[in-house]
Amino acid sequence: MKIHEYQGKELLRGLGVPVPLSRVAFSPADVRAAANELHKETGNPVVVIKSQIHAGGRGKGRFKEHPELGGVKVVKTADAAFEVGEKMLGNTLVTIQTGPEGKKVHRLLVEQGMDIARELYLGITLDRVTGRTTIMASTEGGMDIEEVAAHTPEKILRESIDPAVGLQPFQARKLAYALGLQDPVAGRAVKFLLALAAAYDKLDCSLLEVNPLVITGAGEVIALDAKVTFDDNAMYRHRDLEELRDPNEEDPSELEAKAWDLSYVKLDGDIGCMVNGAGLAMATMDIIQYVGAHPANFLDVGGGATAERVTAAFKIITSDPNVKGILINIFGGIMKCDTIATGVIAAVKEVGLKVPLVVRLEGTNVELGKQMLDASGLNVVTASNLRDAATKIVGLVAKAQVKS
């Protein structure tokens, strides 16, 4: 689960991590009022207006309606802030992470202008190789960390965090000095690092990224940005954080899947997949790639899915206009094959079938499930094994495209 920058900064502020003074704005009038309030509080009329979308690269992005304007803008007066707010709000921002379709901006962060002396990078995430949370730091703040990793990996510093004791002060000092910081700034950086690591743990984050982390002219250490992603599996411990979810920033199909307790992730291919079990789903996607096509989604209906959930899953797949064919691959263990067949038949009759559909069933009540599909009179192709299923759906999609 992702949240906006302003929400992440509010959480960090409450956990002792220094962040700039700011206000969230939903209208141009809000932007002007926020600029005036920050001027009074700081004595500095300069504010930064940041588009709030769940995508990076906002500063380098451009609005479709105002290509001269990026997603982050520095202004020196409240009136200028109002004008920028008018152009940003309700308009579509295109960045390297949004794709060409972009994302519509519904809210802005108005933040105090900072006297920036240095920009650094800081990120905390799980290293799946070591099985431990790892804190990464770099002198290359403000840049895409992927570019730094690709071209100058030696500039990325890493410290593995022992889950039993957390980030230790000596590790924080090691990172601070390796970044070239000197006391008293290094001491402030140590406090910042310890507070950020504690916040990551307390909030059950999967990613907590500060890019850039800035050192001000006065030697303060402040999070100028905050990218916060939570571990969905831990959300039962954080019901309050669920309220921070912005449905405007999430794929409608993924929201629908969540409502039915389905594991669904939209991908870029054209073969829709419905599978039970994450491992089997990954294997299904792999073999689709192996036979020359690309999966359109990851969709795990789970071991105890009902016919209603199968119907809902089918609707989600067919709602994707990129899907040119569907492969259903089910191993009937807890979920019986006849239950899958019932759901598929009901879904096809309700939604209609405009693309080829291949079904591979194996396990409990497999013969009954196949009989039900054969007797349904629907244009459903059955397969004997996974490779056969993948080969058939890719072949049928190719034929359909030739005819069209």
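One-based numbering along the sequence shown.
- Atom-to-atom distance recorded for Thr42:OG1 and Gln112:CD is 6.0 Å, nearest 0.5 angstrom.
- Within the 4.5 Å cutoff, the side chain of Leu157 has no heavy atoms near those of the Lys174 side chain.
- Using modelled atom types, one side-chain atom of Ser51 and one backbone atom of Gly71 make a donor-acceptor pair closer than 3.5 Å.
- No salt bridge links Lys2 with Glu249; every basic N to acidic carboxylate O contact stays at or beyond 4.0 Å.
- Judged purely by atom type and a 3.5 angstrom limit, Gln52 uses its side chain to pair as donor or acceptor with the backbone of Tyr6.
- Between atom CD1 of residue Ile3 and atom CG of residue Leu241 there is a gap of 7.0 Å, rounded to the nearest 0.5 Å.
- The 12-atom threshold is not exceeded at CD1 of Ile96, counting heavy atoms of other residues, nucleotides or ligands nearer than 6.0 Å.
- Contact annotation: the side chain of Leu357 approaches that of Ile328 to within less than 4.5 Å [non-hydrogen atoms, C-beta and beyond].
- The pair Lys87-Glu65 does not count as a salt bridge, with every side-chain nitrogen at least 4.0 angstrom from each carboxylate oxygen.
- Considering only heavy atoms from C-beta on, Arg173 comes within 4.5 Å of Pro169 through its side chain.
- Inspection of the Tyr121 and Glu209 side chains reveals an N or O donor paired with an N or O acceptor under 3.5 Å.
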Next on the checklist: Go through it in stages, so that I can follow the logic: the residues are Asn329 and Thr284, the test is side chain to side chain donor-acceptor pair (under 3.5 Å), and I'd like the CA-CA distance, side-chain angles, deciding distance and then a yes or no.
Outcome noted: CA-CA 8 Å; Asn329 181 30; Thr284 302; 2.9 Å; yes
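- Crowding of Lys266 atom NZ: a count of heavy atoms from other residues, nucleotides or ligands under 6.0 Å exceeding 12.
- Salt bridge status for Arg245 with Glu242: present, with a side-chain N to carboxylate O gap under 4.0 Å.
- A donor-acceptor pair under 3.5 Å is absent between the side-chain atoms of Asn365 and the main chain of Leu368, judged by distance alone.
- No side-chain heavy atom of Val310 sits less than 4.5 Å from a side-chain heavy atom of Ile330.
- Side-chain N or O atoms of Thr95 include one that pairs as donor or acceptor with a backbone N or O of Gly56 at under 3.5 Å.
- Shown are Ile215, Thr139, Val185; of these, the side-chain contact (heavy atoms from CB on, under 4.5 Å) with Leu179 is made only by Thr139.
- Taking CG of Asp231 as the start and CG of Leu207 as the end, the distance is 12.0 Å to the nearest 0.5 Å.
- Remark: the backbone N or O of Ile135 is not paired with any side-chain donor or acceptor of Glu159 at under 3.5 angstrom.
- Taking both residues in full, the closest heavy atoms of Leu299 and Cys273 are given as CB-O, 3.3 Å, listed atom of the first, atom of the second, then distance.
- You'll find the side chain of Val110 reaches within 4.5 Å of the side chain of Leu38, heavy atoms only.
- Side-chain contact between Leu89 and Pro28 is present, with at least one heavy-atom pair separated by less than 4.5 Å.
- Judged by distance alone, with hydrogens and angles left aside, the side-chain atoms of Arg23 form no donor-acceptor pair with the main-chain N or O of Ala34 at under 3.5 Å.
- A search for ring-ring contact (aromatic ring centres under 6.0 Å, His included) contacts involving His54 returns His4, not counting sequence neighbours.
- Using modelled atom types, one side-chain atom of Ser206 and one backbone atom of Thr229 make a donor-acceptor pair closer than 3.5 Å.
- Between Glu350 and Lys315 there is a salt bridge, since a side-chain N of the basic residue sits under 4.0 Å from a carboxylate O of the acidic one.
- Formation of a donor-acceptor pair under 3.5 Å by the Glu119 side chain with backbone atoms of Ile116 is not found in this model.
- Between the side chain of Arg32 and the backbone N or O of Ala81 there is no donor-acceptor pair closer than 3.5 Å.
- Using a 4.0 Å cut-off between charged side-chain N and carboxylate O, Glu5 and Arg58 make a salt bridge.
- A distance of 5.0 Å separates NE2 of His66 from CG of Asn91, quoted to the nearest 0.5 Å.
- Remark: Arg107 fails to qualify as a cation-pi partner of Phe26 under the 6.0 Å distance and 45° angle criteria applied to the six-membered ring.
- Between Arg13 and Glu10, at least one side-chain N (NZ, or NE/NH1/NH2) sits under 4.0 Å from a carboxylate O, which counts as a salt bridge.
- Contact check for Ile49 versus Met88: side-chain heavy atoms found under the 4.5 Å cut-off.
- For the pair Lys392 (side chain) and Thr382 (backbone), a donor-acceptor distance under 3.5 Å is present.
- Side chain to side chain, His238 and Asp204 meet the donor-acceptor criterion of an N or O pair below 3.5 Å.
- In this structure the side chain of Leu224 never reaches within 4.5 angstrom of the side chain of Leu213, judged on heavy atoms.
- Atoms CG and CZ, from Leu262 and Phe298 in turn, are 11.0 Å apart once rounded to the nearest 0.5 Å.
- In this structure, NZ on Lys354 lies 11.5 Å from CD1 on Ile326, to the nearest 0.5 angstrom.
- With salt bridges taken as basic N to acidic carboxylate O contacts below 4.0 Å, none links Lys370 and Asp374.
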